Peer 1: 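So that we are looking at the same thing, I have put the structure below in structure tokens.
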Amino acid sequence: MPKTITEQNLHLLVDALLREGKRVVGPKRAGTVTLYEPLRRGEELSLDELPRRSAKETFFPVCESILSYEKREGRMTVRDVDLSRLPESVLIAARSCDAAAPGILDAVFSWDYHDEFYLERRRRTVIIGLACTTADDACFCTAVGLSPAATQGSDLFLTPLAGGGYACAVVTEKGEALLTAHAGLFAEAESIEALPPAEPAAAPLDLKRIKAWLDANFEHPFWGSIAERCAGCGACAFLCPACHCFDISDEGSETKGERRKHWDACGFGKFTNHASGHNPRDVQPQRYRNRIMHKFKYYDDKFGLTLCTGCGRCIRACPVGIDIAAVLDEINSKP
Amino acid sequence: MCIPDKNIYKPHLATIDAIVDETHDIRTFRLVFEDEAVRDSFAFRAGQFAEYSAFGAGESTFCIASSPTRKGHIECCFRAVGRVTEALRRLEVGDTVGVRGPYGNSFPIEEFFGRNLVFVAGGIALPPLRTLIWNCLDWREKFGDITIVYGARTEADLVYKRELREWEERGDVRLVKTVDPGGNGPSWDGQVGFVPMVLEQAAPAAENTIALVCGPPVMIKFTLPVLEKLGFGDDAIYTTLENRMKCGLGKCGRCNVGNVYVCKDGPVFTAKQVKAMPQEF
Ligand SMILES: Cc1cc2nc3c(=O)[nH]c(=O)nc-3n(C[C@H](O)[C@H](O)[C@H](O)COP(=O)(O)OP(=O)(O)OC[C@H]3O[C@@H](n4cnc5c(N)ncnc54)[C@H](O)[C@@H]3O)c2cc1C
Ligand code: SF4
Ligand code: SF4
Ligand code: FES
């Protein structure tokens with residue numbers, strides 16, 4: 001029988017998880033916007049709108065220490081970050097587009113060399129997904145093979161019910177364990193009446209066809225025409241649940257400090273700049289091309305996956321109105 | 001449980017054992033790993049690179065310039081051009097640097113056994129070939145003729161000057177050294193002219209020969225047609241690409257040329273592979 005949970009019990013679930021010492025990250029009002037942030041109590045959950053930024057930070061912080069160093073009496077020592085002290089976490093009410101992304105990023109962080117900073121956070125996090133019942137003009141998850149009700153990447157999945165509250169589906173064993181541990185907060189319903197999922201206007205894209213075009217058209221006037229106005233601000237990359245480029249830098253003095261890994265963006269002008277001054281991608285259209293190629297060709301070539309979940313955040317935020325869904329549409333319709 | 005060895009970004013510590021100033025801004029470090037176990041187990045192949053750190057400044061990518069046949073230490077040779085390299089240059093003998101690696105692919109040296117070799121290098125780009133040159137010289141009997149064509153803007157810009165002399169004098173290597181017109185002093189005993197031109201005059205036979213080319217993009221651009229003219233096929237020519245890198249591990253998304261990740265698929269490529277890539281380097 002389907003499990004259900006009331007809005008109030010969802011808050012109590014958050015409170016109970018917090019009491020267990022877990023870190024609970026969920027959508028929360030922050031001024032005029034909603035963001036995925038660590039919650040202090042269940043009531044802070046705010047499920048009405050799609051959070052402005054993705055939930056990527058839960059696994060891949062904007063900036064994190066990867067080691068510290070100290071020189072004492074002429075001897076340098078390097079200290080590791082103790083990953084065992086990372087909190088057990090629950091990401092609650094992650095929209096389908098955000099819940100699906102970590103599974104896609106697993107590929108790059110675990111091929112050959114394992115980035116335990118990312119992977120250990122993944123292991124320690126349970127994801128509770130949430131179906132969308134409204135979509136805006138920028139949403140196009142359906143175009144890239146997901147949907148507002150896609151459970152990919154979720155361990156438990158919530159679907160809003162017509163009479164209030166949520167149906168809660170078990171997707172993985174990790175989710176089942178969490179549900180069992182808090183069984184008292186869930187009810188069993190004979191039948192449920194789910195609110196209809198959102199219907200993004202975007203028509204499905206033929207990703208294979210898009211890739212085939214990208215395979216053949218590295219040099220094409222199209223790139224200049226769509227991206228010459230790109231400001232290289234990086235907003236698209238920083239809001240994206242799937243962008244994973246980063247930089248590594250030291251903070252501190254020669255004798256004491258930390259080495260940190262932090263987000264970067266291939267749209268930035270200096271991203272590929274050589275010490276000689278030579279820059280392989282020295283104009284913005286080349287950088288934007290790399291963004292599209294990375295998401296819809298290179299990541300597919302390497303891992304058989306698309307590096308975009310159709311969340312639409314880059315479209316909503318782009319200061320010059322570059323619309324990735326429209327770009328893909330155009331490629332999709334090219335001969 | 002703390003999982004120290006699982007941190008792929010954590011460098012080994014190495015002490016600067018010796019410093020040689022090659023030119024006014026290029027310096028060689030000889031590095032000895034502080035941890036004995038690392039010293040014994042650290043193995044690499046000619047062509048691979050590492051991430052070197054000056055603590056407080058960050059990390060920088062250089063090839064490992066010493067030969068894998070020489071154990072106990074590694075060497076790197078770098079030009080001071082920016083934040084990390086300037087910080088490295090401030091360090092002295094006895095100071096500590098970080099070393100992560102070895103990373104990337106390498107020259108398939110076994111495939112060169114029994115063949116003639118022509119090394120073509122320009123300026124600071126001798127280090128990535130020097131590792132292979134010494135590797136081959138230490139296994140001298142496995143190869144046929146060895147020719148080295150090396151040039152720099154001026155006499156003062158030539159790196160490894162003492163080794164150039166050694167190669168000149170050992171008798172089983174043909175060294176052609178050159179400086180750009182105007183870069184020669186009164187006692188210069190080498191050629192005068194740009195590397196591609198000098199290579200063409202030296203005219204090494206292409207038959208059963210592998211060419212190994214490293215240098216600034218413009219030198220490579222003019223050298224490849226010369227090699228072609230001399231009869232070298234695209235899969236008999238090797239070079240290394242030096243895109244900007246950070247992780248060295250195929251994660252940070254910085255070093256790609258199309259779907260080729262220089263840090264993982266390279267840095268060593270044949271001219272044939274390079275020509276098949278989108279021209280974005
Ligand atoms: C596989 C590989 C092998 C290599 N091998 C060698 C080698 O053996 N030897 C060697 O010397 N090099 C080698 N390189 C190149 C080397 O990695 C770079 O020279 C080095 O990383 C420069 O680091 P840096 O931190 O000192 O420079 P940075 O501080 O990053 O500066 C680089 C350049 O950009 C400029 N710059 C930086 N920030 C700004 C800014 N905000 N505005 C304007 N300009 C700016 C600097 O002035 C400088 O000219 C190799 C590279 C690769 C990929
Ligand atoms: S590329 Fe844009 S639409 Fe796709 S996942 Fe990233 S932010 Fe969302
Ligand atoms: S948000 Fe828009 S302007 Fe900014 S880098 Fe992305 S595409 Fe360019
Ligand atoms: S250097 Fe990070 S991906 Fe190649």
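Just so you know, these numbers come straight off a predicted model, no measurement behind them. Residue numbers start from 1 in every chain, and the chains themselves are labelled A, B, ... in the order their sequence lines are given, proteins ahead of strands.
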Peer 1: Is B:L13 close to chain A through its backbone or its side chain, or both, or neither, when contacts mean heavy atoms under 4.5 Å?
Peer 2: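 Only the side chain of B:L13 comes within 4.5 Å of chain A.
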Peer 1: Find the one option among B:G94, B:P216, B:P11, B:G258 whose heavy-atom pairs under 4.5 Å with chain A are most numerous.
Peer 2: B:G258
Peer 1: At a heavy-atom distance under 4.5 Å, which candidate from A:T255, A:I248, A:T77, A:D282 has the highest pair count against chain B?
Peer 2: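 Maximum pair count with chain B is reached by A:I248.
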Peer 1: Could you look at A:K261 and say if it's the side chain, the backbone, both or neither that has a heavy atom under 4.5 Å from chain B?
Peer 2: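 Just its side chain gets close to chain B.
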Peer 1: Do A:D98 and A:R53 sit within salt-bridge range, that is, some charged N less than 4.0 Å from a carboxylate O?
Peer 2: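 Salt bridge: no.
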Peer 1: Closest approach of B:V81 and A:A275, non-hydrogen atoms and distance?
Peer 2: CG2-CB, 3.3 Å
Peer 1: Please classify the contact of A:H114 with chain B as side chain, backbone, both or neither, using a heavy-atom distance under 4.5 Å.
Peer 2: backbone
Peer 1: Side chain, backbone, both or neither: which part of A:R75 has a non-hydrogen atom closer than 4.5 Å to chain B?
Peer 2: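 Contact with chain B involves the side chain of A:R75 alone.
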Peer 1: Stepwise, does the ring pair (Phe, Tyr, Trp, His ring centres under 6.0 Å) test hold for A:F117 with A:F60?
Peer 2: CA-CA 8 Å; A:F117 294 95; A:F60 179 22; over 10 Å; no
Peer 1: What I want to find out is whether A:E20 reaches A:K22 closely enough, with some N-O distance under 4.0 Å, to be called a salt bridge.
Peer 2: yes
Peer 1: B:Y9 ring centre to B:R100 NZ or CZ under 6.0 Å, with the angle to the axis within 45°?
Peer 2: no
Peer 1: Considering all heavy atoms of both residues, which atom of A:A107 and which atom of A:L305 are nearest to each other, and what is their separation?
Peer 2: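 In terms of heavy atoms, the two residues are closest at CB-CD1, 3.9 Å.
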Peer 1: Which bit of B:E34 comes within less than 4.5 Å of chain A, counting heavy atoms only: side chain, backbone, both or neither?
Peer 2: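 For B:E34, the side chain is the part near chain A, not the backbone.
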Peer 1: So which part of A:Y69 gets closer than 4.5 Å to some heavy atom of chain B, the side chain, the backbone, both or neither?
Peer 2: side chain
Peer 1: Would you mind checking which part of A:S110 comes under 4.5 Å of any heavy atom in chain B, side chain (CB onward), backbone (N, CA, C, O), both or neither?
Peer 2: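 A:S110 touches chain B through backbone heavy atoms alone.
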Peer 1: Is it the side chain or the backbone of B:D95 that comes within 4.5 Å of chain A heavy atoms, both, or neither?
Peer 2: side chain
Peer 1: Could you tell me which portion of A:D112 (side chain, backbone, both or neither) has an atom closer than 4.5 angstrom to a non-hydrogen atom of chain B?
Peer 2: side chain
Peer 1: Where on B:C255 is there a heavy atom nearer than 4.5 Å to chain A: the side chain, the backbone, both, or neither?
Peer 2: neither
Peer 1: Highest number of heavy-atom pairs under 4.5 Å with chain B: which of A:E258, A:R79, A:H278, A:R281?
Peer 2: A:R281
Peer 1: Select one option (side chain, backbone, both, neither) describing which atoms of A:D264 are under 4.5 Å from chain B's heavy atoms.
Peer 2: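 Contact with chain B is through the side chain of A:D264 alone.
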Peer 1: Regarding A:R260 and A:D250, does a basic nitrogen lie under 4.0 Å from an acidic carboxylate oxygen?
Peer 2: no
Peer 1: Looking at B:C247, B:C252, B:G58, which has the largest count of heavy-atom pairs under 4.5 Å with chain A?
Peer 2: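 The candidate making the most pairs under 4.5 Å is B:C252.
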Peer 1: List the steps, then state whether ring pair (Phe, Tyr, Trp, His ring centres under 6.0 Å) holds for A:Y288 with A:W223.
Peer 2: CA-CA 8 Å; A:Y288 191 79; A:W223 298 116; 7.3 Å; no
Peer 1: Counting heavy-atom pairs under 4.5 Å to chain B, which of A:D115, A:L67, A:I66 comes out on top?
Peer 2: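 The candidate making the most pairs under 4.5 Å is A:D115.
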Peer 1: Between chain A and each of B:Q279, B:K246, B:K251, count heavy-atom pairs under 4.5 Å; write down the option with the most.
Peer 2: B:K251
Peer 1: Decide, yes or no, whether a salt bridge links A:D300 with A:K211 under the criterion of side-chain N to carboxylate O below 4.0 Å.
Peer 2: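 Salt bridge flag = no for A:K211 with A:D300.
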Peer 1: Side chain from CB out, backbone as N, CA, C, O: work out which of these in A:M293 comes under 4.5 Å of a heavy atom of chain B, or both, or neither.
Peer 2: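 Contact with chain B involves no heavy atom of A:M293 at all.
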Peer 1: Ignoring hydrogens, what is the shortest heavy-atom contact between A:S65 and A:V81? Give both atom names and the distance.
Peer 2: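 The answer is O-CG2, 3.2 Å.
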Peer 1: Over 60° means perpendicular and under 30° means parallel, so classify the ring planes of A:F246 and A:F109, tilted if in between.
Peer 2: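 Aromatic pair A:F109/A:F246 classed parallel.
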Peer 1: At a heavy-atom separation under 4.5 Å, does A:N290 approach chain B through its side chain, its backbone, both, or neither?
Peer 2: side chain
Peer 1: Of the non-hydrogen atoms in B:E59 and B:S53, which two are nearest, and what is the gap between them?
Peer 2: CG-CB, 3.6 Å
Peer 1: Taking only residues at least two apart or on different chains, which pairs with a member in residues 19-40 of chain B satisfy ring-ring contact (aromatic ring centres under 6.0 Å, His included)?
Peer 2: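 Those involving residues 19-40 of chain B are B:H12-B:F33, B:F29-B:F78, B:F33-B:F42.
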Peer 1: With only heavy atoms counted, which part of A:T272 is less than 4.5 Å from chain B, the side chain, the backbone, both or neither?
Peer 2: both
Peer 1: Select one option (side chain, backbone, both, neither) describing which atoms of B:A54 are under 4.5 Å from chain A's heavy atoms.
Peer 2: backbone
Peer 1: With only heavy atoms counted, which part of A:D247 is less than 4.5 Å from chain B, the side chain, the backbone, both or neither?
Peer 2: both
